[in-house]
Amino acid sequence: MTNKEEPKKEVVNANGVPLFKASYNKQDVQLDNEIVYEFGGPIGVCAMMTGFPALMYYFWVSLEYHQGTLYYPESFTKEGLSNFFWNEYYGKIVEGALPNLTAIKIYMGYALFSFILAWIMPGPIVEGLAIPSLKGKKLKYQCNGLSSWYTVLATSAVLHVTGIFRLTQIIDNFGPIMSVAIIWGFTMTTLVCISGYVQGTNHRMSGNFFYDYFMGGPLNPRIGPVDLKMWAEIRLPWVVLFYCSLSCLLKQYELDGQVTAPAVFMVLAHFLYVNACQKGEECIPTSWDIFYEKDGFMLIFWNMAGVPFTYCYASIYLMKYQLTTGTAITHSLPYTAALFTALLLAYWVFDTGNSQKNRFRMEQNGSFFVRKTFPQLPWGHIKNPSYIKTEHGNLLLTSGWWGIVRKPHYTADLIMAISWGLITGFGSFLPYFYFCFFVVVLVHRVTRDMERCAKKYGKDWERYCERVPYIFVPYVF
Ligand code: NDP
């Protein structure tokens, strides 16, 4: 069904999109309050909350002491297992990854700096969706990510060039910084959780302490004008990830006087990601994470520690390989060129896919405006889009990438993820960890989201699935 077939009574914007998201209805309230155990319930989330940090350390030891090879006990006897745990695992963490003052200054210094920037820098103010638990109130979000990002870039360049803070120190202190991030992830989750209880802002609580700690209590915790969830989603993880890769590249340059194409590739890949988050920040207030997900361990820990310190293995592997063997990893020109091309094309789909849908949602919300941040890629905003109007009131976009598959931005994101592994060759699993993990995350996210949408839109969702039958790749899946 296209917009031409829709009745013309409703209020529409200049692009022909009706303002449907301007309010909320009973069904939104019901879905917003519904408690369903996800992620395997309390047992599953406890396993994740202990397993993630343990796995991060295991991978760190593999990279730091075993050139990226996954190490395992020499024997599965009591002695072998004890040696593996106490000497190889725990012993190495104590030796090289305990938090130190330098690491605290680097990580917490940046966290504080980015928070201050989020508070004071200029940027457009954008309204989020009507929040059912706040009786339809629309919160305002100060989107100053871009001015903050440029300030961080300029500040770091000055610090590095003047020698006040050499960016290579990040990678020199990677283990201790990761530990600080892990501790901060737990600390911030606890503080947000306590603030939810104290302020009485906890929402959709299951009553199980561990599950609620994982999923979070408050929906929109704030300090002053800073929305903590939005700050944690884009100001810290991707920026720290970018600086980890840049630090590896600079280290390579210090060692060798030159940089390799794979190291440049990783810096470009992470630059594109972080820049996309900042330049399109105004699209985030209408997203699922902001509107629906609460601020708990899942979002906080993963953003504070998980993303920056596990998605960077490709860059670190490239650097460690060169440090231990004396030879840098490079590939043939066609292989390298193919990967650069794949990265840039996938980025284009990722950027415009997110932008097409989010701008369409902003149009329905009445919060859309044209923002000329760099780069604005062709096809980022669809003129006169086609859509399915649901009984609920919301519209489901069926134009652009969204007319081809139901999750075009996920497919593009996955292609970028695998390219980060492929640029390192095939010497270690670790650069592919992000891709493997991401497949699991996105498949789970799709399943969760489709179930939610099927409930919310009923027959209209079926109509939408008939209109756009494939999820990731046309005619395949
Ligand atoms: P989506 O962008 O897929 O948002 C899902 C919601 O969008 C649905 O619940 C529905 O909301 C709405 N929606 C779905 N289809 C349509 C449509 N055709 N038209 C209009 N609205 C629609 O969610 P994510 O937040 O998961 O993904 C955003 C980006 O973040 C992606 O690019 C993803 O790859 C990336 N991401 C990256 C991660 C990482 O670690 N690298 C982790 C997670 C995400 P409603 O009910 O309001 O209609």
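In what follows, residues are counted from 1 in the order of the sequence shown. When a ligand or atom number is given, it counts from 1 through the structure's own listing order.
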Heavy-atom contacts with [X] under 4.0 Å: which atoms of ligand 1 show up? List them by number with element.
X      : result
Tyr457 : 45 (P), 46 (O), 48 (O)
Tyr273 : 37 (C), 41 (N)
Tyr434 : 41 (N)
Tyr464 : 18 (N)
Tyr311 : 39 (C), 40 (O), 41 (N)
Lys456 : 45 (P), 46 (O), 47 (O)
Phe350 : 32 (O)
Phe438 : 37 (C), 38 (C), 39 (C), 40 (O), 41 (N), 42 (C)

(request) Show your reasoning for whether side chain to side chain contact (heavy atoms under 4.5 Å, CB included) applies to Leu219 and Lys229. (result) CA-CA 8 Å; Leu219 189 59; Lys229 217 161 53 170; 4.0 Å; yes
Under 3.5 Å side-chain donor-acceptor pair for [X] and [Y]:
X      : Y      : answer
Gln278 : Ser148 : no
Tyr292 : Ser287 : no
Tyr432 : Thr424 : no
Asn303 : Arg235 : no

(request) Answer yes or no: is there a donor N or O on one side and an acceptor on the other, between the side chain of Tyr211 and the main chain of Glu38, under 3.5 Å? (result)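 It does hold such a pair.
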Could a heavy atom of [X] be found less than 4.0 Å from some atom of ligand 1?
X      : result
Trp461 : no
Thr286 : no
Val307 : no
Val441 : no

(message) For atom 29 (C) of ligand 1, tell me which residue out of Val349, Asn354, Leu299 has the closest non-hydrogen atom.
(response)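 Nearest option to atom 29 (C) of ligand 1, by heavy atoms: Asn354.
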(message) I'd like to know whether OH of Tyr475 has more than 12 heavy-atom contacts from other residues, nucleotides or ligands below 6.0 angstrom.
(response)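 No, because the 6.0 Å sphere around OH of Tyr475 holds 12 heavy atoms or fewer from other groups.
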(request) Assess whether atom CD of Glu391 is packed by more than 12 heavy atoms of other residues, nucleotides or ligands within 6.0 Å. (result)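 No - once you tally the heavy atoms of other residues, nucleotides and ligands closer than 6.0 Å, there are 12 at most.
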(request) Quick one: closest heavy-atom pair of Arg359 and Arg371, and the distance? (result)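 Heavy-atom minimum between the residues: NH2-O, 4.2 Å.
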(request) State which residues pass ring-ring contact (aromatic ring centres under 6.0 Å, His included) with Phe210; sequence neighbours excluded, sorted by chain then number. (result)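 By the ring-ring contact (aromatic ring centres under 6.0 Å, His included) rule, Phe210 matches no residue at all.
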Do [X] and ligand 1 have an N or O pair less than 3.5 Å apart?
X      : value
Asp289 : no
Trp288 : no
Arg406 : no

